[in-house]
Student: 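Pasting a structure here, questions to come.
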Amino acid sequence: MKVVALVSGGKDSCYAMQRCVDFGHQIIALANLLPLEDTVDELDSFMFQTVGHQMVGAIAQCMGLPLFRRRIQGTARTQELRYRKTEGDEVEDLERLLRAVQEKYPDVRAVCSGAIASNYQRLRVENVCSRLGLVSLAYLWKQDQAHLLQQMIDSGIHAVLVKVAAMGLNPHKHLGQDLATLQPHFTLLARLYGSNICGEGGEYESLTLDSPLFKHARICLDEFQVTLHSPDQFAPVGVLHPTKFHLEEKFSLTPPPSLDSLVVSVTNDTVGEENLSVTVDNSGLTLVGIDSASFKLHIATVAQRHGVFTFSCWRQGDDSQDFDAGYELGVLLASLEAELQRNGRTWAYVVYVRLFLEDMQHFGRANEVYVQHITELKCERGVPSRCCMQLYLQKGGMGKAMVEVTVAPDLSKKVLHVQSISLWAPSCIGPYSQATLQGQVLHMAGQLGLDPPTMILVAGGVAAEMEQAVLNCEAVAQEFDISLCTCAITFTVYCSENIGADGQQQTEDILQHFLSRNTRCGDSDSSPTDVEKISTIGHPPLVLYVLVPALPKGAQVEIEPSAFVSSSSACFIDRDSIDDMSTRLEETASGWAWQCVQISSGKQEEAYMDDDDDEKQQGRKSLTTLCEGLILPTHFCRAFTFIYARSNDRASGLSHHLMQRNDRMQLDTNEFKTALEQCMEAVGQVLEQAHLSWSEITVFRIYYVAQLIAMADLQNWMKEILASCSRKAHTYDLKQQPPPQLPILEATFIPTGGVRHSAAVNALVAMDFTAMGGSRSSEHL
């Protein structure tokens, strides 16, 4: 991509440019914001480094690139972490600066910045980029600072300190010294005082005098003055004011160009906002004019008594109607928005979105529609996380798209949304985030095996993709101070059908190898403390493998984890402090600890049979069910229940055998209904052990093999069973005063190519349910 680089003159912005070039981008212009007065060294800016601004023009000369400059007229009017356009804010100066670059260079596609750890700065750059249709490149983001500083020095960056403001740094001693000389001292200060080695806490700022990108010349600082801003005894603040410098030419075919030929001054009137504004076409995407008779809309609802909702929306398929996939998705999203409003909610309350498509070739069009309905403006606390895959929707009697949304009872969610391309983890450019924390459950977006800095699938097949996807998930989890090794509740692993049995086994092996790097399963000799019992799971996570026809970007695997975050300020356990929690845990002994539940029914030996005489045996088979769950009593439970036919070592099982033949399974109706009822009985037992009720279920999904089971039959059977469950929930909750309304419990039916408990055992059906309790609904999801 062609890139404009935000340049302050410091080491970070200059090294970020080097990384852009390393990853194949072309820097075509520089952009800089400076104080209104040349004599001013530093502004009280939350966003921009201005110390050393007198030298930025020299950097443009050394690189031979045009430099767009604007004087900062705004101030930090909006100091909240999330930023929205605010007139008079210094961020709007950045927008006008970049608009001017776009006017001069319409083919510029991205903006490079040197953000390392400041969410405040990153979010504001991303906000401006989003408004202008540009991509944010932040290749230093979340890199280890000690390693990063070493990389800068090794790469040939020569920079000196131009500001100090930290314990252990003396203006008269350290200003003007270079990074390589001071690196050991920075390391010592980090050990003594917890200082940031790269100065991310404001400990120091730097000025780059030479870089491999300085093709024409290097800067020689001849004379400078030291100005003391604060004579604090422990952490004096001082800045370096350059008074004389010159350029020393390098071995280049051409000398550095003159400064006047490079600098473009950007004023208020340089470009009108209307010229470059990004517009969105919302035509044809509302409910107006839809014939409800021809567009048979279905919305399934789970309404939990603490205020959590799950809505699933799809069009009931009709061969006589052929709607455009984008149009159909627009209707679904508009219908869901109306349903949210009927329940006193908006998109801001949505925690997670599952987007299912009949054909992944419609993914691009689906994204265009998605971003028109779910926007940053509608989601004041951050956009929901998302996963997406192709399903056998039309085989399941549905249309070309299905959407499921999980809705919180309040706006307490915490969202991690990094739109910048970096080395940290794959970016989410658009209105979907990497992870959403509601209460103490972390809902993580589906991760592909993308190489973060290039956003391209890694080479090496399914094993390489799976390893990279796991690393991407772990990088996101660590932003919440957890590891999925110890805190994962579930992994839903979506596998492309084309990977075969060997590929399925590889995905399982890689995940198990990752999880084996911890002591969550009792490997430690020491007994966990009461607090540790709930701060980590202590049991292996639940894993569900789902075979699907296709995934975004042609990926072979996608991972969707959920995890427990004990350090959240909003938590399951009603506590004033961690000490108070410890006291109450001691009082309740082991009742707070996470527990693993396993319930099976049917004769296991009848579920595993030989392949001999398949034609004779495939009509009627003994079915068995298995339920595995993780519970935190009275607060949370998540469980998977499976219905199996048979499996053995020589084949992947009956479901695989019939999928190859594309046959419908000839099931005994009564036997299958009995198995479904056994699954629901297992759900009831898990709820009972968790001390939760049916009316506290928040999510209920049924994955089934579309080639083997007719959705109409499954829906009819489950409708009767779920009605019974709702009556049970109503009976259970009658103990409350006043008695509640009859709870709403409907399932989301997900037609797949296969569902697995492990690579060796295929299931016919897998049920996935979550329940949450507690008197304060805002703490639960």
Side-chain angles (χ1 to χ4, degrees), residues 7-19 41-42 49-56 58-59 62-63 114-117 139-140 143-215 217-250:
V7 178
S8 66
K11 66 183 190 323
D12 300 340
S13 58
C14 288
Y15 186 59
M17 287 192 289
Q18 286 185 221
R19 299 303 281 150
D41 283 303
E42 184 178 32
Q49 172 187 327
T50 57
V51 178
H53 67 84
Q54 302 89 345
M55 313 285 283
V56 174
I59 291 176
C62 292
M63 295 182 69
I116 297 176
Y139 287 118
L140 311 189
Q143 297 301 290
D144 177 79
Q145 292 189 36
H147 181 61
L148 184 59
L149 182 61
Q150 185 64 57
Q151 284 183 318
M152 293 180 184
I153 295 170
D154 293 343
S155 74
I157 289 280
H158 175 58
V160 297
L161 266 60
V162 292
K163 178 185 177 181
V164 295
M167 293 181 67
L169 291 177
N170 187 304
H172 296 287
K173 179 180 179 181
H174 295 120
L175 288 176
Q177 290 198 34
D178 65 88
L179 293 178
T181 301
L182 290 173
Q183 183 186 21
H185 189 60
F186 292 150
T187 303
L188 175 63
L189 296 181
R191 187 169 67 248
L192 292 176
Y193 309 120
S195 300
N196 292 276
I197 290 180
C198 281
E200 277 300 285
E203 293 88 348
Y204 67 90
E205 291 179 1
S206 62
L207 174 67
T208 303
L209 301 180
D210 196 10
S211 158
L213 297 184
F214 291 9
K215 301 298 184 183
R218 62 178 58 87
I219 302 170
C220 296
L221 184 59
D222 300 318
E223 297 176 6
F224 61 84
Q225 297 175 344
V226 173
T227 302
L228 200 62
H229 284 187
S230 169
D232 186 88
Q233 181 180 357
F234 299 102
V237 179
V239 298
L240 179 153
H241 179 79
T243 57
K244 185 179 181 180
F245 66 91
H246 71 277
L247 300 185
E248 181 180 282
E249 293 187 19
K250 292 185 176 181

Student: Should D178 and H158 be marked as a side-chain contact (heavy atoms from CB on, under 4.5 Å) after you check the CA-CA gap, both sets of side-chain angles, and the distance that decides it?
Tutor: CA-CA 7 Å; D178 65 88; H158 175 58; 3.6 Å; yes
Student: Taking side chain as C-beta onward, heavy atoms only, is L179 less than 4.5 Å from L161?
Tutor: yes
Student: In the structure I gave you, are the side-chain heavy atoms of Y204 and L182 within less than 4.5 Å of one another anywhere?
Tutor: no
Student: In Å and rounded to the nearest 0.5 Å, what is the CZ to CD distance from R19 to Q151?
Tutor: 6.0 Å
Student: Are side-chain heavy atoms of K11 and C198 found at a separation under 4.5 Å?
Tutor: yes
Student: What are the two closest non-hydrogen atoms of T181 and P184, and how far apart are they?
Tutor: O-CD, 3.5 Å
Student: With sequence neighbours left out, write down each residue that passes salt bridge (Lys or Arg N to Asp or Glu O under 4.0 Å) with R218, or none if nothing qualifies.
Tutor: D210, E248
Student: Can you measure from CE (M17) to CG (L213) and round to the nearest 0.5 angstrom?
Tutor: 6.0 Å
Student: Answer yes or no: is there a donor N or O on one side and an acceptor on the other, between the side chain of E203 and the main chain of N196, under 3.5 Å?
Tutor: yes
Student: Is S211 close to Q18 at the side-chain level, that is, under 4.5 Å between some pair of heavy atoms?
Tutor: yes
Student: How far apart are the closest heavy atoms of T208 and I219, and which atoms are they?
Tutor: O-CD1, 3.9 Å
Student: Between N170 and V164, what is the shortest heavy-atom contact and its length?
Tutor: C-CG2, 4.1 Å
Student: Are L169 and H185 side-chain neighbours, meaning at least one heavy-atom pair lies under 4.5 Å?
Tutor: yes
Student: Got more than 12 heavy atoms from elsewhere within 6.0 Å of NE2, H229?
Tutor: yes
Student: Quick check: closest heavy atoms across G114 and D12, and the distance to 0.1 Å?
Tutor: O-CB, 3.5 Å
Student: Please check: side-chain N/O of Q177 versus main-chain N/O of K173, any donor-acceptor pairing under 3.5 Å?
Tutor: yes
Student: Considering only heavy atoms from C-beta outward, does the side chain of K163 approach that of Q49 to under 4.5 Å?
Tutor: no
Student: I need the I116 CD1 to L148 CG distance, nearest 0.5 Å.
Tutor: 5.0 Å
Student: Supply the atom-to-atom distance M55 CE to L209 CG, rounded to the nearest 0.5 angstrom.
Tutor: 6.0 Å
Student: Any chance you could measure Q183, atom CD, to Q150, atom CD, to the nearest 0.5 Å?
Tutor: 4.5 Å
Student: Hey, could you give me the OG/CD distance between S195 and E200, rounded to the nearest 0.5 Å?
Tutor: 13.0 Å
Student: Measure across F245 and L221 and return the closest heavy-atom pair with its distance rounded to 0.1 Å.
Tutor: CB-CA, 4.1 Å
Student: Under 3.5 Å, side chain of S230 to main-chain N/O of P236, donor-acceptor pair present?
Tutor: no
Student: For a quick test of reading the model, state the closest non-hydrogen atom pair linking S155 to P212 and the distance between them.
Tutor: O-CG, 3.0 Å
Student: Flag the pair Q54 / L207 as yes when at least one side-chain heavy-atom distance between them is below 4.5 Å, and no otherwise.
Tutor: no
Student: Any non-hydrogen side-chain atom of L240 less than 4.5 Å from a side-chain atom of V51?
Tutor: no
